[in-house]
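Sequence lines set the chain letters: A, B, ... in the order given, protein chains first and strands last, and positions in each chain run from 1. Both backbone and side-chain heavy atoms feed into the values below; hydrogens, waters and symmetry mates do not.
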Number of protein chains: 2
Amino acid sequence: MKRRPTIIDVAKKAGVSKTTVSRVITGDGANVREETIQRVQTAIDELGYTHNAVASSLRTDRTNLIMLSIPDITNPFWPAVARGVQDRMEREGYAVVFANSDWDAQREKMFLEMARRNRFDAILINPVRVNNDELKAAHIHTVLIGSHEGFPDFDIVGSNSYGATQLALAHLYDLGHRRIGLIRGERQSRPGHSRLQSYEDFLREKGLVLDSSLIVRVPFDEMGGRQAMEQLLSLAEPPTAVLAANDILAIGALQAAHQAGLTVPDQLSIMGIDDIFAASATTPPLTTIAKPQYEIGRQAAEFLLDRLGEQATAVPRRHLFNCTLQQRGSTGPPP
Amino acid sequence: MKRRPTIIDVAKKAGVSKTTVSRVITGDGANVREETIQRVQTAIDELGYTHNAVASSLRTDRTNLIMLSIPDITNPFWPAVARGVQDRMEREGYAVVFANSDWDAQREKMFLEMARRNRFDAILINPVRVNNDELKAAHIHTVLIGSHEGFPDFDIVGSNSYGATQLALAHLYDLGHRRIGLIRGERQSRPGHSRLQSYEDFLREKGLVLDSSLIVRVPFDEMGGRQAMEQLLSLAEPPTAVLAANDILAIGALQAAHQAGLTVPDQLSIMGIDDIFAASATTPPLTTIAKPQYEIGRQAAEFLLDRLGEQATAVPRRHLFNCTLQQRGSTGPPP
DNA sequence: CCCGGAAATGGGAACGTTCCCATTTTAACA
DNA sequence: TGTTAAAATGGGAACGTTCCCATTTCCGGG
């Protein structure tokens, strides 16, 4: 008899009904005598009983499982966010599990489908390709992470990426730079867009001319950053400062600059956005814009818990954290 | 009527039995007429039916969910491994989900318990604190990742970390270094141990004296690396080369060396192990030992699939990949 | 000592699926 | 056209839990 013991076995052993056992297990011990609890507990221990969450979920329609869907687990930005999510959700008895889509629309969809079929209680997602309507059609509690436009039906937590870009550009401008390159990522379409918008607005406000050759769009990884920088340096009139849409791109750019024999920041200033771990590891350490990653995760969890409670009808909320300048060594006055 | 449609609703609509619907859904269409399949399919579409994986799992005792439990999602080593796992497992219809214990024994245990209760089909784990017997007691298919000793009952996939250390030390030795520091991590006890062993063996073999002040043990993060390096530099007779147990420690060490005004590699050589992304981003880029991360993940998945098949009684296997030297700019002859 | 209400416990039914086994339909062949 | 085996379909039980509602037990006050 290899069968796993069930609550019925426990009930039999303890000489009570399965209902009583269930009450003990769920901690719904309100109406169970202390002595009975003990008896059940020992039966559980002796049999080595383990709760079957699947059966429980079937009956209750809750799994206590939350999915955190992100595009790129390689980007250290996310683990920091995840920590905030976990700390909050685990306290409420939820387990948080990662789904890494690797920028793959197919995979993102697959995970979404999985969360739905397996009745995950909710999803936290930084969407890659999926849109508002598809998410809505999934009929699962969802909170978005990232400063996305075009998702009117969902709670969103993110950072003010428009403001972050302004902050970065202002820093470079104040140092005296007037010819500033922008390295954008190809993939993360919407925030990239918002950064572009911000860039254009900034130039307009300061009365600088918009030179489209200063805007380069590349894949969202280190190699992309390198390529972009090489392209910028090959211009007849290269920029004196470069802002990359995230630190990974910036690090790639930094490497390319070194390789080209340029001294940073004396001959060229480089900035990133995010303030990931590696940003302080480069030489010179990268000036960047820090986002409150842990807090973002935490706030997203907070929204989610509201949704999981009774706030079902609440209107979609939006919380954008402000970003702060992390001034390090990769920026300085123009040559 | 807010209720989600079930196969019974579908069956009713299509004018067939629920059994037939089930056959269509599970793709077990062997014995279903093409026309019937079509009819069921349209009913499914019209009702917007979605399969309830929870109910299915209850009946079949399979969830097609795999947990990948790792200590530190911040360490870029793991995403690379994960990719190998995912690519292989998803092809077989499994979804891979991350559990990040953050070096926390409590959390690691929690996730293990969760995988068990929720009837995950298997676990891939790089154990932090959990031991052989606890894993065995969980009664769930498990494959270990990492070169751990003390887990006689499980398949293990990892890299030859003993060999990796030898390789690193040989590189430094060949460059002429005779006084080599070792930075160990505190947490990852067993492989750290194996590295220490390797270090001692190497010195013995080369007839070098073992100076215990050259061995520093610190927390497994960047700050740890810095501390360790500061400590080593404060010695009366500091080492001419330093090997760190992983790249993160090495990067911290590199920073500390810069801060102390040392030129790497002219005045001091530094090496890491793992070859994570950031290793090539430092200045100078880090010489390190590369592990075949993707392949490790892939092989682990392969072992797991065997277990999930019929190999239940197979004797535990062990696959250690060899590592290769990634020579970059952080090592050179001693001053 | 009995009564009444609260506390404790128990017995199905239900959750949505898959599997076993039985039954019906199909089609091939004599 | 009848026979038969194979193909297609259907009905109920089972998976292990929780919930509803009924029943029993307990205990203090009259």
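- Side-chain contact between F321(B) and Q299(B) is present, with heavy atoms from C-beta onward closer than 4.5 Å.
- Base engagement by T19(A) is indicated by at least one non-hydrogen atom pair under 4.0 Å involving a base atom.
- Cation-pi geometry between K291(B) and F77(B) is met: under 6.0 angstrom from the ring centre, within 45 degrees of the axis.
- Using a 4.0 Å heavy-atom criterion, one finds that V54(B) contacts no nucleic acid atom at all.
- A straight line from CZ of R119(B) to C1' of dG16(D) spans 9 Å, rounded to a whole angstrom.
- Rounded to an integer number of Å, the gap from R62(B) CZ to dT17(C) P is 19 Å.
- Within the 4.0 angstrom heavy-atom criterion, only backbone atoms of the sugar-phosphate kind lie near T36(A); the bases stay farther away.
- Checked by distance alone, R59(A) brings no side-chain donor or acceptor within 3.5 Å of a matching partner on the base of dT17(D).
- For V16(B) and A55(B), each mapped to the nucleotide of DNA chain D holding its nearest heavy atom, the one lying further toward the 5' end belongs to V16(B).
- Under the 4.0 Å criterion applied to side-chain N and carboxylate O atoms, R318(A) and D155(A) are not assigned as salt-bridge partners.
- Checked against side-chain contact (heavy atoms from CB on, under 4.5 Å), V10(A) has the following partners two or more places apart in sequence or in another chain: V21(A), V40(A), A43(A), I44(A), L47(A), Y49(A).
- Straight-line distance from the CG atom of N118(A) to the C1' atom of dG16(C): 14 Å, rounded to whole Å.
- Applying the 4.0 Å criterion to OP1 and OP2 of dT17(D), one finds that S56(A) has every side-chain N and O outside that range.
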